[in-house]
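I have placed the structure first, in the form of structure tokens, so that the comments after it can refer back to it.
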2 protein chains.
Amino acid sequence: MFFHFRNRFPQLNTYWDKYLPYQKRLEAPARTVLLEEGKKSQHYIFIEKGCVRAYFDKDGEDKTMQFFFENEGLSSFDSFVNNVPSPITIETIEPSVLYLLPKRYVMQLLNELSTEPGFAQMVLQMTAQRQVHYISEFVSFIRDTPEERYQRLLKERPHIIQRVPQHFIASYLGISKVHLSRIKSKLAKNKTRF
Amino acid sequence: MFFHFRNRFPQLNTYWDKYLPYQKRLEAPARTVLLEEGKKSQHYIFIEKGCVRAYFDKDGEDKTMQFFFENEGLSSFDSFVNNVPSPITIETIEPSVLYLLPKRYVMQLLNELSTEPGFAQMVLQMTAQRQVHYISEFVSFIRDTPEERYQRLLKERPHIIQRVPQHFIASYLGISKVHLSRIKSKLAKNKTRF
DNA sequence: TGAACTTGATAACATATGTTATCGTGCCCT
DNA sequence: AGGGCACGATAACATATGTTATCAAGTTCA
């Protein structure tokens, strides 16, 4: 789904730096579409400030599948790599400062990096991390109730709850916004009671 | 979660063949535990005949997260690679014929393979496939109702429904076995009606 | 063969969750 | 400043789903 070397593998920063001139800085207001569902991904996106979500449309309903924040990079992975229409839309949530690196430079960069010793290891490590993440999302749906998923989010990634509008979080948790509101009010009640 | 080169990358079969003598053939009856939750994974498991599931325990309830069939290989990936206790149990569903390759030989094999040109590509390709799989599982929970997930399973992986007891499938779909039974009976009714 | 177990269907009831509608608040924009 | 909009809470009602219990059929195994 996405990849971001910089800030996670600082030893590669000199490579990245060579490509900084090709990055286009973009100051985008909230709710700016960076990639539209059905279009092909042409850029790697790096978030300097702000936040972004990936979502898709199901029968007119907006389903959020992931959130991204400062110092994270993303692209619609499959679309980017295989040059197929993106199954998701990417959109800013807050006013954001972004850097877009056109695909051809990313490819060039990857090519350069591939000669770097330990590069394959790094890529493996990264994809393994990603895999663990998606497995854990998936297992959570089998294992946990919506309330438990919310509490887990609250505990493990509170910044999401603090910064992201509630209806996006609801669809991310697989429930309606009304139900999420109910869960919150129930938890608040229990908290004050004891 | 698991990896299986053989049968997907036949050009590597000569490498595998060298390790055949180290594989232990195992004929296991149904419901044989191959790896217990909490233990460390010591073997790569290849399925010649039969089928296997990976599950974990949530408050006494048995939650199945994945099914495996003939010509697939698996291990509790994180446990195998990082030598930590496995979060899941691996158990046969049907009487099965399995081949177990001890971890040290797998490592040795991987080591040998790593000098093979194109090996990194292959590993990447494989992990990308896995990632796509788990993302699609995860997205399905956000996008689809339980009934839709069942129909998708019926359409895309009917062999699972044909061979696996229904209560395992229910927990895999994230619902109770009673509810899965209801979904089936509702679908059967609609089918005969029109 | 017969007892125990597994599997699956179904009913009755309880609870969780979705849907629609309404309201209030705060924010953005001109 | 004020209108429109995004956001979140809540109520009322409808539907989906879980829980528990029961039954029937098939399977396993001593």
Is the B:Phe138 ring parallel, tilted or perpendicular to the A:Tyr172 ring (thresholds 30°, 60°)? perpendicular

Nucleotide nearest A:His179 (side chain, heavy atoms from C-beta), chosen from C:dT10, D:dG18, C:dA16: C:dA16

If the cut-off is 4.0 Å, is B:Lys184 near the phosphate of C:dA9, judged by side-chain N/O to OP1 or OP2? yes

Specify whether A:Tyr105 and A:Tyr22 have parallel, tilted or perpendicular ring planes, treating 30° as the upper limit for parallel and 60° as the lower limit for perpendicular. parallel

Between CG of B:Leu173 and C1' of C:dG8 the distance, given in whole Å, is 16 Å

Could you tell me whether B:Lys177 contacts a base, only the sugar-phosphate backbone, or nothing, with contacts defined as non-hydrogen atoms closer than 4.0 Å? nothing

Rounded to the Å, how far apart are A:Ile183 CD1 and D:dG8 C1'? 15 Å

Nearest listed nucleotide, side chain of B:Pro165, among C:dT7, D:dG8, C:dT17: C:dT7

Ignoring backbone atoms, test whether B:Gln166 places a side-chain nitrogen or oxygen under 4.0 Å from the OP1 or OP2 oxygen of C:dT6. no

Beyond-backbone contact of B:Val33 with B:Lys39, side-chain heavy atoms, under 4.5 angstrom: no

NZ/NE/NH1/NH2 to OD/OE distance under 4.0 Å, A:Glu148 and A:Arg143: no

Which nucleotide in D:dG18, C:dA9, D:dA9 has an atom nearest any side-chain atom of B:Ser181: C:dA9

Rounded to whole Å, please give me the gap between NZ in A:Lys58 and P in C:dG18. 13 Å

Selected nucleotide, minimal atom distance to B:His167 side chain, candidates C:dG8, C:dT17, C:dA9: C:dG8

Atom-to-atom span, OH of A:Tyr150 to P of C:dT17 - whole angstrom: 15 Å

Taken to the nearest whole Å, CD1/B:Ile169 to C1'/C:dG8 is 12 Å

Under 4.0 Å between any heavy atoms, over every strand shown, what does A:Ser185 touch: base, sugar-phosphate, or nothing? Just pick one. sugar-phosphate

Using the rule that Ile, Leu, Val, Met, Phe, Trp and Tyr join whenever any side-chain heavy atoms are under 4.5 Å apart, tell me whether A:Ile169 and A:Phe56 fall into a single cluster. yes

When you measure from the side chain of B:Arg182, which nucleotide among C:dT19, D:dT17, D:dG8 comes out closest? D:dT17

So, do B:Glu137 and B:His133 sit near enough that their side-chain heavy atoms are less than 4.5 Å apart? yes

How close or far is atom C1' of C:dT17 from atom CZ of A:Arg149, stated in whole angstroms? 12 Å

Looking at A:Phe69, is A:Arg163 sitting on its ring face, NZ or CZ under 6.0 Å from the six-membered ring centre and within 45 degrees of the normal? no

Can you figure out which of C:dG18, D:dG8, C:dA9 approaches the side chain of A:Ile175 most closely? C:dG18

For A:Val178 and for B:Leu180, find the nucleotide of DNA chain C with the closest heavy atom, then tell me which residue's nucleotide is more 5'. B:Leu180

How long is the line joining CG of B:Asp144 and P of C:dT17, in whole Å? 18 Å

Five pairs per end, C1' atoms only: what is the angle between the end axes of the helix from C:dT1-D:dA30 to C:dT30-D:dA1, to 10 degrees? 50°

Find the distance A:Arg163:CZ to D:dC7:P and express it as a whole number of Å. 15 Å

Given 3.5 Å as the limit, does a donor-acceptor pair link the side chain of B:Ser86 with the main chain of B:Lys40, or not? no

